[in-house]
Amino acid sequence: MAVIDEADTVREEAPPHGAIGMSTAYRISDAAPSPRTMEFRRRVLHPGSAIGEHPIAHDEVYYVLSGEGEVISDGQSARVRAGMAAYLYTGAVVGIRQLGEEPLSLIVAYPNPPATKEE
């Protein structure tokens, strides 16, 4: 078991996949000892920020804690707000952007297959 305080994982950085604006990243699962088979992160997108569109090779979930945003998957978009989750499927091109005055706080979770050993 690993118990992780998000305060120990926080850093300010540009969001992934395009560095659009700035965000507060809580790389929670990075603090879990290896090997681990999933990623669990919190990201707060500051006003005007976005996780740029990118292809995914696994299912992924964006769960909105606060604020509003627009999630995109294969060219289709939907507005999301606190209490909503976007379940994104393997092979899609996905992204999410912050909307409105309030930062968009979300949990991002996806599998992280263990590295294969070379023979």
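Numbers here are sequence positions counted from 1.
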Task: For the student: nearest non-hydrogen atoms of A85 and V61, plus distance - done: CB-CG1, 4.4 Å
Open item on the list: Between L45 and S23, is the side chain to side chain contact (heavy atoms under 4.5 Å, CB included) condition met? List the steps.
Closed with: CA-CA 5 Å; L45 296 174; S23 70; 4.1 Å; yes
Open item on the list: Quick check: is V108 connected to I28 through a chain of hydrophobic side chains (ILVMFWY, heavy atoms under 4.5 Å apart)?
Closed with: no
Open item on the list: Quick test of your reading of the model: are D30 and R36 salt-bridged, counting only N-O distances below 4.0 Å?
Closed with: yes
Open item on the list: With rounding to the nearest 0.5 angstrom, report the CD1 to OG distance, I96 to S49.
Closed with: 12.0 Å
Task: H17 side chain to P15 backbone, donor-acceptor under 3.5 Å - done: no
Open item on the list: Looking at R97 and E70, is any side-chain nitrogen of the basic one under 4.0 Å from a carboxylate oxygen of the acidic one?
Closed with: yes
TODO: Kindly give the heavy-atom pair with the smallest separation between S77 and I72, and that separation in Å.
DONE: CB-CG1, 4.0 Å
Task: Check: G48 main-chain N/O paired with Q98 side-chain donor or acceptor under 3.5 Å - done: yes
- [ ] Give a yes or no on whether I107 and V10 share a hydrophobic cluster (residues Ile, Leu, Val, Met, Phe, Trp, Tyr; joining criterion: side-chain heavy atoms under 4.5 Å apart).
- [x] yes
TODO: With side-chain hydrogen bond (donor to acceptor under 3.5 Å, both in side chains) as the test, would you mind laying out the steps for T9 and R27 before giving the verdict?
DONE: CA-CA 5 Å; T9 69; R27 299 176 65 93; over 6 Å; no
Task: Value rounded to 0.5 Å, distance of CD in E60 from OG in S73 - done: 10.0 Å
- [ ] Locate the shortest heavy-atom distance separating I4 from A31; write the atom from each residue and the value.
- [x] CG2-CB, 3.8 Å
TODO: Only counting residues at least two apart or in another chain, list the ones meeting side-chain hydrogen bond (donor to acceptor under 3.5 Å, both in side chains) with T24.
DONE: E12, H46
Open item on the list: Could you check whether any side-chain N or O of S29 sits under 3.5 Å from a backbone N or O of F40, counting only pairs where one atom can act as donor and the other as acceptor?
Closed with: yes
Task: L65 side chain reached by R42 side chain, heavy atoms, under 4.5 Å - done: yes
TODO: Report yes or no: do V44 and Y62 belong to one cluster of Ile/Leu/Val/Met/Phe/Trp/Tyr joined by side chain heavy-atom distances under 4.5 Å?
DONE: no
- [ ] Could you tell me the separation between the CD atom of E39 and the CG atom of N112, rounded to the nearest 0.5 Å?
- [x] 4.5 Å
Task: Linked, directly or transitively: L99 and V80 (ILVMFWY side chains, under 4.5 Å) - done: no
Task: Backbone of Y89 reached by a side-chain donor or acceptor of D59 within 3.5 Å - done: no
Open item on the list: I'd like to check the ring-ring contact (aromatic ring centres under 6.0 Å, His included) partners of Y110; sequence neighbours left out, ordered by chain and number.
Closed with: H58
Open item on the list: Please determine whether residues L104 and Y26 belong to a single hydrophobic cluster, defined as Ile, Leu, Val, Met, Phe, Trp and Tyr linked transitively by side-chain heavy-atom distances below 4.5 Å.
Closed with: no
TODO: Quick one: pull up OG in S105 and OH in Y63 and give me the separation to the nearest 0.5 Å.
DONE: 10.5 Å
Task: Over all atoms of both residues, closest heavy-atom pair of G91 and D74 - done: O-OD1, 4.4 Å
Task: Point-to-point distance, once rounded to the nearest 0.5 Å, from CD of E102 to CZ of R81 - done: 13.0 Å
